[in-house]
**Student:** 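Could you have a look at this structure, given as structure tokens, before my questions?
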Amino acid sequence: IEHLQLSTTYHFYAHHPHLSDGKQLHHSKRTSSSEIEIMPTENTTDTNLCSSANGAHILFATDEWFAAAENLLNPYPPTFVPDLYCEQGKVMDGWETRRKRMAGHDWCIIQLGSSGDVDCSTKEAAAYFLNSILVDTAYFTGNQAPRISIEAIKLERPYGSSNNDYFFNWMPGAVSRIVRGGGIRGTGETESSIQAASDACKKLGQWITVLPTTPLKPGYEESRHHFFTISNEISELLQEMGGVTHLKLNYFPDGGVARLKVFGKKLPIIADSSSQDIIMPITNPSTGPNIHPHSSTSPSNQLPSSLPYPHPEISSDVRGGIGIACSNKHYGVPSNLLRPTLGKDMGDGWETARHPNRPLIVRKDPVTGLQETPLMDWSTLKLGLGGASEEGISRIIVDTRHFKGNFPESVRIDGCCANPAFVTDDEVCASADTVYDSSHVSKVEWFPLLNRVALTADAEHEFLRENGLIENGRRAVTHIRVSIFPDGGQAGCGSMPLLQWEMAEAIYEPFWNYGWDDDKTVKGII
């Protein structure tokens, strides 16, 4: 929440963690929506990186005698109650320290945030570019900090770390502070704890001064707002650093500020090739398919389905491909697999229900690396253009676009060649249900095209006959059966659909020369 649009007096009550004990809080005057925290020079397209609503946190503060530092990050306008006092003194809505009687000055550490921004592909905490700063001393009319400065730094993930704990636990006591909900009014850190926090800051390296020591005016309406633009020189330094993650706000020597807003944008994160996301359990193996994640496509790394290919895609419904049977269609139907466009979401794919009889503990075969399970779902698809001729299938693309937490663990694909003069689609479907039953006698012969192979999330998997990945690649095929283990979902793909069956030769008439049976084509489409 950056700006709260209100047109009448509004109220906060006693459960506010950093303000009062049992009294109603309110503004001293009626506030219109046009007056709330909007400066004429603000770039409102930037994000307030110091807002608790956007995931910012206070990790440390030297002193919080009159008011806790978390108030600086409050996304709402400051409040003031003239007669509200507590044991420590006047209740103020901001961060206010006691009058300094020991050596040094007061300071706090702020972890920046933009809705808890973490890059999904790397799990790396985001870094930010800063454009401007707004310091508000509202209602601090005789107790504002007379001068402040702001420093910034970027934390780098430690070598070997696989999580973002470092983002917090580099500062002693930061995790317990966040867990308990912030600082506690009426408290201050000891000299030894301040020294430990100072040492932790120094260990990070050189901090960049983004706002030099600057005087602040009292918090009257006409003087409360202090707006600063980051200089070009500092902007260049921040770019070289790759952005910043934490700020250090310095009071010289003590006092209070109501709100701190730092406006900026998230910088793109360069993926660490050594990191591996939990939703991407496999990468391009030397003996497996070419894997093209949707999250990393670019002009230089286009999806194979979007590139020209010498052979037509005969599974597409544009060329007559249809879904004719399946074991389960709880969340989607197999005909979705044959659409000629990229799926807009998981609803554009074929997804089955979770198997109720799945094992209590998943185990993997130590040799194949695949799950030890007989459970699977299947769908039978009829290829368009009469199917592939005796020249066979040259390429298969399996796409798991949008399926990140529910993609199939693995897939197997079988094919058959059913002469429509002697075998109906109903007979093909009946035989497909017994592909793995060697005791079943059928006039439809099924043969493997892809042996069971692992899949990954949100990616196109390209299997090429020239790489030896397609079995029986020189046989005619009219129907295919897709078996997914143990369950899950698949989606449409690029300018080609999920299952892209590329013929070795472009044959645009059914090679059986029997033509299309309109009733068969429409009947039973799923």
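Heavy atoms only: backbone and side chains are in, while hydrogens, waters and symmetry mates are out.
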**Student:** Can you tell me how far apart CD1 (I234) and CD (E236) are? Round to the nearest 0.5 Å.
**Tutor:** 9.5 Å
**Student:** Taking C-beta and beyond as the side chain, do L59 and I110 meet within less than 4.5 Å on heavy atoms?
**Tutor:** no
**Student:** Using 30° and 60° as the class limits, which term best fits the ring planes of H461 and F463: parallel, tilted or perpendicular?
**Tutor:** parallel
**Student:** Kindly write out the residues that satisfy salt bridge (Lys or Arg N to Asp or Glu O under 4.0 Å) with K443, not counting sequence neighbours, or none if the list is empty.
**Tutor:** E427
**Student:** May I have the step-by-step check of salt bridge (charged side-chain N to carboxylate O under 4.0 Å, His left out) for R319 and D317, ending in yes or no?
**Tutor:** CA-CA 5 Å; R319 293 192 169 105; D317 58 9; over 6 Å; no
**Student:** Among residues at least two apart in sequence or on other chains, which ones pass ring-ring contact (aromatic ring centres under 6.0 Å, His included) with F60?
**Tutor:** W107
**Student:** With distance as the sole test, does N467 use its side chain to make a donor-acceptor pair with the main-chain N or O of L469 at under 3.5 Å?
**Tutor:** no
**Student:** For residues A459 and D399, report the shortest heavy-atom separation together with the two atoms involved.
**Tutor:** O-OD1, 3.1 Å
**Student:** So do S410 and R452 actually touch side chain to side chain, heavy atoms under 4.5 Å?
**Tutor:** yes
**Student:** Where do T400 and D458 land on the side-chain hydrogen bond (donor to acceptor under 3.5 Å, both in side chains) test, with the steps shown first?
**Tutor:** CA-CA 5 Å; T400 54; D458 194 39; over 6 Å; no
**Student:** Would you please test K154 and E240 for salt bridge (charged side-chain N to carboxylate O under 4.0 Å, His left out) and show each step?
**Tutor:** CA-CA 11 Å; K154 179 185 178 183; E240 292 175 7; over 6 Å; no
**Student:** Kindly say whether E313 contributes a backbone atom to a donor-acceptor pair with the side chain of S316 at under 3.5 angstrom?
**Tutor:** no
**Student:** For the ring pair W446 and H479, is the centre-to-centre distance below 6.0 Å?
**Tutor:** no
**Student:** So for atom CZ, which belongs to R354, do other residues, nucleotides or ligands contribute more than 12 heavy atoms lying within a distance under 6.0 Å?
**Tutor:** no
**Student:** Working to the nearest 0.5 angstrom, can you tell me the gap between I322 CD1 and I324 CD1?
**Tutor:** 6.0 Å
**Student:** Around atom CZ of R363, are there more than 12 heavy atoms from other residues, nucleotides or ligands closer than 6.0 Å?
**Tutor:** no
**Student:** I'd like to know whether E372 forms a salt bridge (charged side-chain N to carboxylate O under 4.0 Å, His left out) with K364, so could you lay out the CA-CA distance, the side-chain angles of the two residues, the decisive distance to 0.1 Å, and finally the verdict.
**Tutor:** CA-CA 5 Å; E372 294 179 341; K364 289 201 170 187; over 6 Å; no
**Student:** W170 and H246: ring-ring contact (aromatic ring centres under 6.0 Å, His included), yes or no, with the steps?
**Tutor:** CA-CA 11 Å; W170 66 273; H246 293 74; 5.5 Å; yes
**Student:** List for me each residue that meets side chain to side chain contact (heavy atoms under 4.5 Å, CB included) alongside R475, sequence neighbours excluded, and say none if there are none.
**Tutor:** E445, F447, N472
**Student:** Side chains of Y128 and T47: do they bring a donor and an acceptor to under 3.5 Å?
**Tutor:** no
**Student:** Okay, side chain of H57, backbone of G182: is any donor-acceptor separation there less than 3.5 Å?
**Tutor:** no
**Student:** Is a side-chain N or O of S51 found less than 3.5 angstrom from the main chain of N48, in a donor-acceptor match?
**Tutor:** no
**Student:** Any side-chain heavy atom of V482 within less than 4.5 Å of one from L381?
**Tutor:** yes
**Student:** Kindly determine whether T352 and N328 satisfy side-chain hydrogen bond (donor to acceptor under 3.5 Å, both in side chains), including the steps that lead there.
**Tutor:** CA-CA 6 Å; T352 67; N328 187 285; 4.8 Å; no
**Student:** Got a salt bridge between E471 and R465, using NZ or NE/NH1/NH2 to carboxylate O under 4.0 Å?
**Tutor:** no
**Student:** Can R395 and E462 be said to form a salt bridge (charged side-chain N to carboxylate O under 4.0 Å, His left out), step by step?
**Tutor:** CA-CA 7 Å; R395 178 168 75 161; E462 182 185 31; 2.9 Å; yes
**Student:** Keeping R259 on the side-chain end and N74 on the backbone end, is there a donor-acceptor pair under 3.5 Å?
**Tutor:** yes
**Student:** Checking H355 side chain against D487 main chain: does a donor-acceptor pair fall under 3.5 Å?
**Tutor:** no
**Student:** Sort out for me which residue in N54, L130, T245 forms a side-chain contact (heavy atoms from CB on, under 4.5 Å) with L49.
**Tutor:** L130
**Student:** Yes or no on side-chain hydrogen bond (donor to acceptor under 3.5 Å, both in side chains) for S394 and H311, after CA distance, side-chain angles and deciding distance?
**Tutor:** CA-CA 8 Å; S394 63; H311 305 142; 3.0 Å; yes
**Student:** For the residue pair S483 / R481, report whether a side-chain donor-acceptor contact shorter than 3.5 Å exists.
**Tutor:** yes
**Student:** Can you confirm whether N131 sits close enough to I230 that some side-chain heavy atom of one is under 4.5 Å from a side-chain heavy atom of the other?
**Tutor:** no
**Student:** Checking T478 side chain against G387 main chain: does a donor-acceptor pair fall under 3.5 Å?
**Tutor:** no
**Student:** E409 side chain to Q371 main-chain N or O, any donor-acceptor pair under 3.5 Å?
**Tutor:** yes
